[in-house]
Amino acid sequence: MSSGNRFNGNSSLGVGIGLRVPHYEHIFRHRPQVDFFEIISENFLTLGGRPREVLETVVEDYRVVQHGVSLYFGSREPYDREYLKRLKRLAEITGTPYLSDHLCWGSVNGYQSHDLLPLPYTKEAVRHTAARIREVSDFLELPVCVENVSSYITYTDSVMSEWQFLLEVAEAADCGILLDVNNVYVSSVNHGFDARGYIEAVPMERVAQVHLAGPCDRGTYLLDTHDHPVPEPVWDLYEMVVSRLGAVNTILEWDDKIPPFQEVMAEAGKAMTILDRYRQEGGADG
């Protein structure tokens, strides 16, 4: 495959939200102004029935980006080719400029955990994961972006930091990064590292998109629940990203205790305000 199918920089999409079932009726009835929607690929892989109807309605009026939860780049099992074929067909329908999934593992011996489990940060894991990312990108003929996950454990085998691991995987796979700023914050609190140092270490030229969300404070740790407004520390980190990168594709995620559409869009609007302020202050448009 030509290198053109790998990561080629940041496509300018704007600020959007995750497409969620409770908002379907509002979207179809009012056709609100939204820069783009992010869909969970696995919710539409049947390519028939109600999911197909919803998808065709959305892509008629909006740009769509696919985000997955099942590729498990760090797992050992060979990819299910039928799954990849359906993923590719879905990408043809959506016209997604890239496809993203998580830098994690989650399956073993045919068992799907349905969890996004962190990897040990080792050279072997870098090589293995990067090879699997390249395999997916080659098959789909699309750029692939990997998302940093929130984590609650560490491995004694790790020989590097999480951000160094993310950087080395992205370089080895020549892929993009979906920088989840909320996950950086969650993991920094849970593991006691400097979130700003993490952001400073990320190669911004590889960041195609940013995720924002609100975690749940469990007292001794943060849980990545996507059921709260974005907290101030996450907005501060987002501003840091924007100051380095400029106008970056941004998605506001809200996946549980989902409020009315207008409330989610108001939260996304805070990201728009930050981007607009940066532009007005003369920052480079990324």
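All residue numbers in this chain count up from 1 along the given sequence.
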> Are any side-chain N or O atoms of Arg196 and backbone N or O atoms of Leu237, one a donor and one an acceptor, separated by less than 3.5 Å?
Replying inline: no

> For Asp217, what residues pass the side-chain hydrogen bond (donor to acceptor under 3.5 Å, both in side chains) criterion, not counting sequence neighbours?
Replying inline: none

> How long is the span from the CH2 atom in Trp254 to the NE2 atom in His23, to the nearest 0.5 Å?
Replying inline: 9.0 Å

> Do Arg132 and Glu135 meet the salt-bridge criterion of a basic N to acidic O distance under 4.0 Å?
Replying inline: no

> Got a sec, which residues hit side-chain hydrogen bond (donor to acceptor under 3.5 Å, both in side chains) with Trp163, two or more places apart in sequence or on another chain?
Replying inline: Ser161

>> For Asp255, is there any backbone N or O sitting under 3.5 Å from a side-chain donor or acceptor partner on Arg20?
In response: no

> Judged by atom type as modelled, is there a donor-acceptor pair below 3.5 Å linking the side chain of Asn182 to the main-chain atoms of Leu212?
Replying inline: no

> To the nearest 0.5 Å, how far apart are OH in Tyr24 and NE2 in His26?
Replying inline: 15.0 Å

> Regarding Glu147 and Gln209, is there a side-chain donor-to-acceptor distance under 3.5 Å anywhere?
Replying inline: no

>> If we ignore hydrogens and angles and just use 3.5 Å, is the side chain of Thr273 paired with the main-chain N or O of Gly269 as donor and acceptor?
In response: yes

> Sequence neighbours excluded, which residues qualify as side-chain hydrogen bond (donor to acceptor under 3.5 Å, both in side chains) partners of Thr129?
Replying inline: none

> Okay, side chain of Ser137, backbone of Leu142: is any donor-acceptor separation there less than 3.5 Å?
Replying inline: yes

> Once you round to the nearest 0.5 Å, how far does CD of Glu82 lie from CG of Leu87?
Replying inline: 12.5 Å

>> Side chains of Gln66 and Ser41: any donor to acceptor distance under 3.5 Å?
In response: yes

>> So, using ring-ring contact (aromatic ring centres under 6.0 Å, His included) as the criterion, who are the partners of His228 when residues are at least two apart?
In response: none

> Given the side-chain rings of His102 and His67, with only the six-membered ring counted for Trp, is the space between their centroids under 6.0 Å?
Replying inline: yes

>> Nearest 0.5 angstrom please: Leu140 CG to Arg89 CZ, how far?
In response: 14.0 Å

> Ile40: which other cluster members, linking ILVMFWY side chains closer than 4.5 Å, directly or transitively?
Replying inline: Val69

>> How about CD on Glu124, more than 12 heavy atoms from neighbouring residues, nucleotides or ligands closer than 6.0 Å, or not?
In response: no

> Is it true that Leu19 and Leu178 fall in one hydrophobic cluster, defined by side-chain heavy atoms closer than 4.5 Å?
Replying inline: no

> How long is the span from the SG atom in Cys104 to the CG atom in Leu117, to the nearest 0.5 Å?
Replying inline: 7.0 Å

>> Ignoring hydrogens, what is the shortest heavy-atom contact between Pro231 and Gly214? Give both atom names and the distance.
In response: CD-CA, 4.0 Å

> Quick one: CG on Leu252 to CE on Met272, what's the gap to the nearest 0.5 Å?
Replying inline: 9.0 Å

>> Do Leu167 and Leu103 land in one hydrophobic cluster if side-chain heavy atoms of ILVMFWY residues count as linked below 4.5 Å?
In response: no

>> Under 6.0 Å from the ring centre and within 45 degrees of the ring axis: does the NZ or CZ of Arg52 meet both conditions for the six-membered ring of Phe44?
In response: no

> Can you pull the ring pair (Phe, Tyr, Trp, His ring centres under 6.0 Å) pairs that have at least one residue in residues 164-189, sequence neighbours excluded?
Replying inline: Tyr121-Phe165

> Is a side-chain N or O of Asp227 found less than 3.5 angstrom from the main chain of Cys216, in a donor-acceptor match?
Replying inline: no

